[in-house]
Amino acid sequence: MENSFDVAIIGGGIIGSSIAFQLAKRGRKVVILEKDRVACQASSAAAGMLAAQAELEEDGHLFQLALKSQAMFASLSTELVEYSGIDIELVNKGMTKIAETEEIALDIKKQVIFQRKWDPMITWLDAKEIRVLEPSLSQSVAGGMYLPNDGHVQPAKLTQAFAKAAEYFGAVIREQTEVLSFIFENGQVKGVNTTNGVIHSEQVVVASGAWSAKLLRESGLDIHVYPVKGECFSVRAEKQLINTTIFSDKRCYLVPKRNGEIYIGATMIEHSLDNKVTPEGIATLIERATQLVPQIKEAAWERVWSGIRPQTADGTPYIGEHPNWKGLFVAAGHFRNGILLSPITGVVVADLLTGKILDQNELSAFRLDRHKETVS
Ligand SMILES: Cc1cc2nc3c(=O)[nH]c(=O)nc-3n(C[C@H](O)[C@H](O)[C@H](O)COP(=O)(O)OP(=O)(O)OC[C@H]3O[C@@H](n4cnc5c(N)ncnc54)[C@H](O)[C@@H]3O)c2cc1C
């Protein structure tokens, strides 16, 4: 079995798969090492919203990165069908960010002014106008911000599509292969030890989601990635209940998927690495969702699931090279926005690994040593 590659990527989630696709397309010999299966963790649990402007409310490097990434989806979806045969189910029917009280309405109206700088089509809809767009909304809704250009995808399919497109360009995928440790020599990474033997490579990318911090500790770097579990459920209604994604606060959204399912998420349970779905979590979501769209109560039950988001102490992902070991890179900690950020993360990491000169000011927000804490 081949065991020498240009780049070894640890993790077959959406981030590792997107990076593999970009690097393989540039002619690099890439292997994805995945302890379980491609798209088995957070990347298949996500709702798939590309919600740059609903999730991020302040300008900054992360916000700008998210906007760039969001803009890549239309052409990416065509490109991925070509190389993988997989349709990522991109839906561009917009999002409505709901104000349930007059106080929240004031806050969202300020966001409309801010967000219109980047998309002049974003508007405020009052209580009457919002019900023209979304007749099933509860009578208590005070209004909302309409983001006509906000879409969503099927996240597991996007991850599979990245991985298959990477294979098309020659990448190798090793599932059921857990990386146990790094191999270092004279300040340079030389490969990794796995449950299926040694892999030699002068470049290694840690894209292991919520498990990244644990793996990196032996390299002397303490990145602040921690798990936040999210539970979801889905229903199917007889008639189309909602037209756009309904986004309330960060604890409840309803996403009408192309196959007719409505995804409803998601709880936020910090420091939980277990995947169990609890009646308490789902009951909270049902309560929140029916406050927004009462007819959800009558829809047909479909399924429940959960996933572990990789959060960071400052809410910004880590993207960059290790401060002490040449060739060791990290792309982890994309929290609630890993699906949205996957295209641009793939390009930025591929640029870094292939020596492209990048704007250091833009990248500084994502540096690995920004907390300046290392462990011995
Ligand atoms: C309920 C929920 C809803 C979400 N909704 C959205 C949304 O609407 N929009 C959005 O943009 N984002 C959303 N997210 C966030 C998004 O899912 C994540 O940010 C993204 O999937 C992270 O991708 P990843 O590749 O870093 O991690 P993961 O998908 O978790 O992949 C990491 C992979 O690394 C593997 N691994 C770990 N350690 C090792 C090792 N030692 N060796 C080999 N393999 C290893 C794991 O098995 C795993 O497959 C949501 C997340 C959840 C949980």
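Side chains are part of it too, since the values below use all heavy atoms of this structure and drop only hydrogens, waters and symmetry mates. The structure displayed is predicted, hence computed values, not measured ones.
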Would you say the side-chain atoms of T195 pair up with the backbone N or O of E178, donor to acceptor, closer than 3.5 Å?
yes

Quick check with a 6.0 Å cut-off and a 45 degree axis cone: is R116 positioned over the face of W118's six-membered ring?
no

The test is salt bridge (charged side-chain N to carboxylate O under 4.0 Å, His left out); show your working for K68 and E362 and say whether it passes.
CA-CA 13 Å; K68 272 190 207 161; E362 265 178 34; 3.5 Å; yes

Positive for side chain to side chain contact (heavy atoms under 4.5 Å, CB included) with E134, one of V293, L125, L292, I242:
I242

Any donor-acceptor N/O pair, T267 side chain to E231 backbone, under 3.5 Å
yes

Locate the shortest heavy-atom distance separating A213 from V225; write the atom from each residue and the value.
CB-O, 3.7 Å

Indicate yes or no: does E55 engage K97 in a salt bridge with an N to O separation below 4.0 Å.
no

Would you kindly check if the NZ (Lys) or CZ (Arg) of R26 is within the cone defined by 45 degrees around the ring axis of F21 and under 6.0 Å from the six-membered ring centre?
no

Under 4.0 Å between a side-chain nitrogen and a carboxylate oxygen: does that hold for D87 and K157?
no

Closer than 3.5 angstrom, by distance alone: can the side chain of N243 be matched with the main-chain N or O of L133 as a donor-acceptor pair?
yes

Report yes or no: do L254 and V153 belong to one cluster of Ile/Leu/Val/Met/Phe/Trp/Tyr joined by side chain heavy-atom distances under 4.5 Å?
no

Do you know the tightest heavy-atom contact between Q53 and M145?
O-CE, 4.3 Å

Polar side-chain atom of T194 near backbone of V198 as donor-acceptor pair, under 3.5 Å
no

Taking only residues two or more places apart in sequence, or in another chain, which ones meet R131 in a salt bridge (Lys or Arg N to Asp or Glu O under 4.0 Å)?
none

So, E34 and R174, do they make that salt bridge, N to O below 4.0 Å?
no

Quick one: do D314 and R370 make a salt bridge, cutoff under 4.0 Å?
yes

Polar side-chain atom of T101 near backbone of I104 as donor-acceptor pair, under 3.5 Å
yes

Does the ring center of F233 lie less than 6.0 Å from the ring center of W305?
no

With distance as the sole test, does K25 use its side chain to make a donor-acceptor pair with the main-chain N or O of A165 at under 3.5 Å?
no

Answer yes or no: is there a donor N or O on one side and an acceptor on the other, between the side chain of S272 and the main chain of I269, under 3.5 Å?
no

Compare every heavy atom of L273 with every heavy atom of A210, then report the nearest pair and how far apart it is.
CB-CD2, 4.3 Å

In this structure, are over 12 heavy atoms from other groups packed under 6.0 Å from K257 atom NZ?
yes

Hey, are E261 and R303 close enough for a salt bridge, meaning a charged N less than 4.0 Å from a carboxylate O?
yes

Test: R236 and E302 ion pair at under 4.0 Å:
yes

Considering all heavy atoms, the nearest P155-A46 contact
CG-O, 3.1 Å

Those residues that, when tested against K128, pass side-chain contact (heavy atoms from CB on, under 4.5 Å) (two or more places apart)
D126

Test: E321 and R367 ion pair at under 4.0 Å:
no

Ignoring hydrogens and angles, tell me if any N or O in the side chain of T177 forms a donor-acceptor pair with the backbone of N196 under 3.5 Å.
no

Measure from the ring center of F114 to the ring center of F63 and say whether it is less than 6.0 Å.
yes

Find out if a path of hydrophobic residues (ILVMFWY) with successive side-chain heavy-atom gaps under 4.5 Å connects Y318 to F182.
yes

With side-chain hydrogen bond (donor to acceptor under 3.5 Å, both in side chains) as the criterion, how do R336 and Q311 come out once you've worked through the C-alpha distance, each side chain's angles and the decisive distance to 0.1 Å?
CA-CA 8 Å; R336 292 172 62 102; Q311 170 61 312; over 6 Å; no

When you check the gap from the basic side-chain N to the acidic O, do K29 and E2 get nearer than 4.0 Å?
yes

Can you tell which of V206, I15, I10, T312 makes a side chain to side chain contact (heavy atoms under 4.5 Å, CB included) with S212?
V206

Intermediate values then yes/no, side-chain hydrogen bond (donor to acceptor under 3.5 Å, both in side chains), S17 and T159
CA-CA 6 Å; S17 302; T159 310; 5.9 Å; no

Aromatic rings F169 and Y83: how do their planes relate, parallel, tilted or perpendicular, breaks at 30° and 60°?
perpendicular

Expected output: side-chain R309 to main-chain G338 donor-acceptor under 3.5 Å:
no

Sub-3.5 Å donor-acceptor pair from the side chain of H152 to the main-chain atoms of G94, do we have one?
no

What verdict does the ring-ring contact (aromatic ring centres under 6.0 Å, His included) test give for Y226 and H271, after you've listed the backbone C-alpha separation in whole Å, the side-chain angles of each residue and the deciding distance to 0.1 Å?
CA-CA 6 Å; Y226 64 92; H271 304 292; 4.8 Å; yes

